[in-house]
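Bear in mind that the values here come from a model prediction, so they are computed numbers and not experimental data.
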Amino acid sequence: MLYIGIDLGTSAVKLLAMDEKGKIVNIVSKEYPIFFPHPGWSEQNPEDWYEQTMAGLKELLEKCDKSKVAGISFGGQMHGLVALDADDQVIRPAILWNDGRTAKQTDYLNQVIGKEKLSQYTANIAFAGFTAPKILWMKENEPDNFAKIAKIMLPKDYLAYRLSGSFCTDYSDASGMLLLDVQHRCWSREMMEICSVKEEQLPRLYESYEVVGTLKKEIAGELGVSPEVKVIAGAGDNAAAAVGTGTVGDGRCNISLGTSGTVFISSKTFGVDKYNALHSFDHADGAYHLMGCMLSAASCNKWWMDDILKTKNYSEEQAGITRLGENHVYFLPYLMGERSPHNNPDARAVFFGMSMDTTREEMTQAVLEGVSFALRDSLEVARDLGIRVERTKLCGGGAKSPLWRRIIANVMNLKVDIIESEEGPGYGGAILAAVGCGEYASVEEAAEKLVKVVETIEPEPELVAKYEKKYQKFRTIYPAVKALYGGEE
């Protein structure tokens with residue numbers, strides 16, 4: 001049988017078809033635009049997601065036996081606000097995860113409602129990218145639109161709704177809305193009241209591997225597949241990527257170098273760090289996870305290469321970087337503000353330490369190291385909780401760089417496992433589809449059988465020591481410039 005994973009990303013939707021043994025049969029990617037109508041704002045048109053997903057499915061299935069398609073599931077960009085009216089029309093462009101307009105609403109939630117209460121209600125505090133502050137922003141700034149809301153959903157759930165007619169979400173993605181009681185896996189009545197939202201406006205909750213419905217007959221007909229094809233709930237992109245890398249069960253770690261960057265640690269038990277620096281979310285395997293998320297990771301390198309150096313030859317730019325651990329240039333990777341652990345939407349990127357003899361290679365190296373240091377900030381929070389991690393999987397576009405892999409291993413002082421398939425959320429979505437269709441008894445069983453490690457990068461003691469000194473200096477730069485951020489955009 002064939003299982004389709006749909007990774008609804010920020011720049012493109014990536015679709016893959018996987019057979020029951022985990023082999024990827026075909027992969028297709030379709031891009032769509034992102035809009036920045038004001039500084040710090042970030043929006044997309046949900047119709048673009050649907051159109052490109054349908055186009056991608058048709059192209060994907062051209063090289064597949066359509067009669068063998070059994071299930072479809074998702075990994076999707078988290079936190080985005082998709083609002084539909086009573087006629088199922090999109091009310092306004094979706095406000096995305098990396099949108100920073102909600103500083104006022106986030107402050108209200110954290111300072112007036114209070115972080116302690118928020119953590120009690122949802123296991124998390126408010127971050128500018130979360131969905132609840134966006135709902136409050138819409139209520140305050142677009143009251144006419146707010147009054148029209150009949151359904152509130154997350155990006156991937158809009159696709160599930162269009163494909164199956166099921167108004168649904170899963171626990172992992174819902175965890176990032178600040179509307180879910182994460183520990184008890186239900187909508188928080190207190191948060192619904194705070195946000196002036198009724199439960200009927202929120203989707204039905206499912207585990208990530210549960211079947212939410214089947215394809216609509218007209219959709220199945222358009223794609224040329226059976227209307228019995230199951231649609232499985234899916235997961236937020238980070239939880240789906242974790243499934244795709246085998247980061248399930250207890251005490252496993254995955255680092256993602258995608259548009260955003262994450263440190264993801266799976267756990268059988270529920271837990272919250274005392275400062276709420278890490279997100280405490282439900283996991284796609286039915287248990288829990290802790291996650292630190294930085295807003296700009298591989299996108300920092302893309303910005304530096306594409307927009308500043310004006311080149312697409314990333315490997316050539318990295319070829320001249322040989323003196324690891326000796327760079328005097330530092331980079332704070334806060335191009336879109338920052339989430340974990342600083343929770344500061346006004347933070348911005350900084351180069352520090354340049355001199356007259358600073359080279360192009362050193363600037364490029366600083367970008368790669370800056371992202372790695374910022375990810376370590378989240379790992380240090382987990383270590384302070386007593387969590388001991390010795391190795392990590394690595395996924396995302398940045399994981400394709402051998403140099404960046406080596407930097408991560410030595411900055412983190414972790415063994416870095418590279419897996420056979422680096423398709424992250426799409427592969428995780430396909431695995432969830434296979435579990436939902438009964439191919440495997442559990443997410444853990446599927447991940448154990450399908451995810452294969454092909455290479456391990458070992459940390460080098462001498463380089464670890466050099467990067468330890470560099471990281472300790474990196475940690476002092478943000479506090480030193482923090483007071484300069486904000487208020488002038």
**Message:** Could you go through Lys21 and Glu439, starting from their C-alpha distance and side-chain angles, then the distance that decides it, and tell me whether this counts as salt bridge (Lys or Arg N to Asp or Glu O under 4.0 Å)?
**Reply:** CA-CA 10 Å; Lys21 294 181 180 177; Glu439 190 74 54; over 6 Å; no

**Asked** Checking ring-ring contact (aromatic ring centres under 6.0 Å, His included) for the pair Tyr121/Trp187: CA distance, chi angles, key distance, verdict?
**Response** CA-CA 9 Å; Tyr121 298 153; Trp187 295 118; over 10 Å; no

**Request:** Please assess Lys466 against Glu326 for the test salt bridge (Lys or Arg N to Asp or Glu O under 4.0 Å), listing each intermediate value before the final yes or no.
**Result:** CA-CA 7 Å; Lys466 287 181 178 180; Glu326 299 175 20; 3.0 Å; yes

**Request:** Assess whether salt bridge (Lys or Arg N to Asp or Glu O under 4.0 Å) is satisfied between Glu455 and Arg405, documenting all intermediate values.
**Result:** CA-CA 11 Å; Glu455 181 187 357; Arg405 295 174 184 177; 3.2 Å; yes

**Message:** Show, in sequence, the C-alpha distance, side-chain angles and deciding distance for Asp170 and Lys156, and conclude whether the salt bridge (Lys or Arg N to Asp or Glu O under 4.0 Å) test is met.
**Reply:** CA-CA 10 Å; Asp170 79 290; Lys156 77 171 190 337; 2.9 Å; yes

**Request:** Please report the C-alpha distance between Ile408 and Leu414 in whole Å, then the side-chain angles of each, then the deciding distance to 0.1 Å, and finally whether the side chain to side chain contact (heavy atoms under 4.5 Å, CB included) criterion is met.
**Result:** CA-CA 8 Å; Ile408 289 283; Leu414 294 175; over 6 Å; no

**Request:** Would you please test His283 and Val248 for side chain to side chain contact (heavy atoms under 4.5 Å, CB included) and show each step?
**Result:** CA-CA 8 Å; His283 194 4; Val248 297; 3.8 Å; yes

**Message:** Walk me through whether Tyr314 and Asp306 qualify under side chain to side chain donor-acceptor pair (under 3.5 Å).
**Reply:** CA-CA 9 Å; Tyr314 291 19; Asp306 296 3; 2.8 Å; yes

**Prompt:** How far apart are the C-alpha atoms of Leu81 and Met153, what are their side-chain angles, what is the distance that settles it, and do they pass the side chain to side chain contact (heavy atoms under 4.5 Å, CB included) test?
**Reply:** CA-CA 6 Å; Leu81 174 60; Met153 57 182 72; over 6 Å; no

**Request:** Could you give me the CA-CA distance, side-chain angles and deciding distance for Phe36 and Trp41, then say whether side chain to side chain contact (heavy atoms under 4.5 Å, CB included) is met?
**Result:** CA-CA 5 Å; Phe36 304 102; Trp41 289 27; 5.8 Å; no

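When the shell of 6.0 Å around OH of Tyr471 is examined, it contains more than 12 heavy atoms from other residues, nucleotides or ligands. Other residues, nucleotides and ligands contribute over 12 non-hydrogen atoms within 6.0 Å of the CZ atom of Phe270. Counting non-hydrogen atoms of neighbouring residues, nucleotides and ligands closer than 6.0 angstrom, the CD atom of Gln472 exceeds 12 such neighbours. Atom CZ of Arg101 is surrounded by more than 12 heavy atoms from other residues, nucleotides or ligands within 6.0 Å. Within 6.0 Å of NZ in Lys230 there are 12 or fewer heavy atoms belonging to other residues, nucleotides or ligands.
The pair Arg360-Glu317 counts as a salt bridge, with a side-chain nitrogen and a carboxylate oxygen less than 4.0 angstrom apart. A salt bridge links Glu444 with Lys268: the closest approach of a Lys/Arg side-chain nitrogen to an acidic carboxylate oxygen falls below 4.0 angstrom. Salt-bridge formation is detected for the pair Arg406/Glu460: a Lys NZ or Arg NE/NH1/NH2 atom is positioned less than 4.0 Å from an Asp or Glu carboxylate oxygen. One finds a salt bridge joining Glu468 and Arg376 here, because a Lys/Arg side-chain nitrogen approaches an Asp/Glu carboxylate oxygen to under 4.0 Å. Between Arg391 and Asp417 there is a salt bridge, since at least one side-chain N of the basic residue sits less than 4.0 Å from a carboxylate O of the acidic one.
The closest side-chain heavy-atom distance from Val211 to Val231 is not below 4.5 Å. Using a 4.5 Å heavy-atom threshold, the side chains of Ile265 and His289 count as separate.
Between His79 and His279, the angle of the ring planes goes over 60°, which puts this pair in the perpendicular group of the 30/60° scheme. Using cut-offs of 30° and 60° for the angle between ring planes, the Tyr478 and Tyr334 rings count as perpendicular.
Residues Gln77 and Gln44 have side chains that bring a donor and an acceptor to within less than 3.5 angstrom of each other. Glu361 and Gln365 form no side-chain donor-acceptor contact under 3.5 Å, judged by distance and modelled atom types alone. A donor-acceptor pair shorter than 3.5 Å cannot be found between the side chains of Tyr288 and Asp250. Under 3.5 Å, the side chains of Glu31 and Ser11 contain no donor-acceptor pair of N or O atoms. For the residue pair Trp97/Thr10, the side-chain donor-acceptor check at 3.5 Å is satisfied. Using a 3.5 Å distance cut-off with no hydrogens or angles, the side chains of Ser372 and Trp404 do pair a donor with an acceptor. No side-chain N or O of Asp282 forms a donor-acceptor pair with one of Ser172 less than 3.5 Å apart. Ser188 and Asp181 share no side-chain donor-acceptor pair at under 3.5 Å.
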Report, one line per pair, each donor and acceptor closer than 3.5 Å where one atom sits in a side chain of residues 427-435; sequence neighbours left out.
from	atom 1	to	atom 2	distance (Å)
Tyr427	OH	Gly22	O	2.9

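The cationic group of Arg339 does not satisfy the cation-pi geometry with Phe130, failing either the under 6.0 Å distance to the six-membered ring centre or the 45° limit from the ring axis.
Applying the side chain to side chain donor-acceptor pair (under 3.5 Å) criterion to Tyr330, with sequence neighbours excluded, gives no partner residue. Applying the side chain to side chain donor-acceptor pair (under 3.5 Å) test to Asn313 and every residue at least two apart in sequence or in another chain returns Ser315, Glu316.
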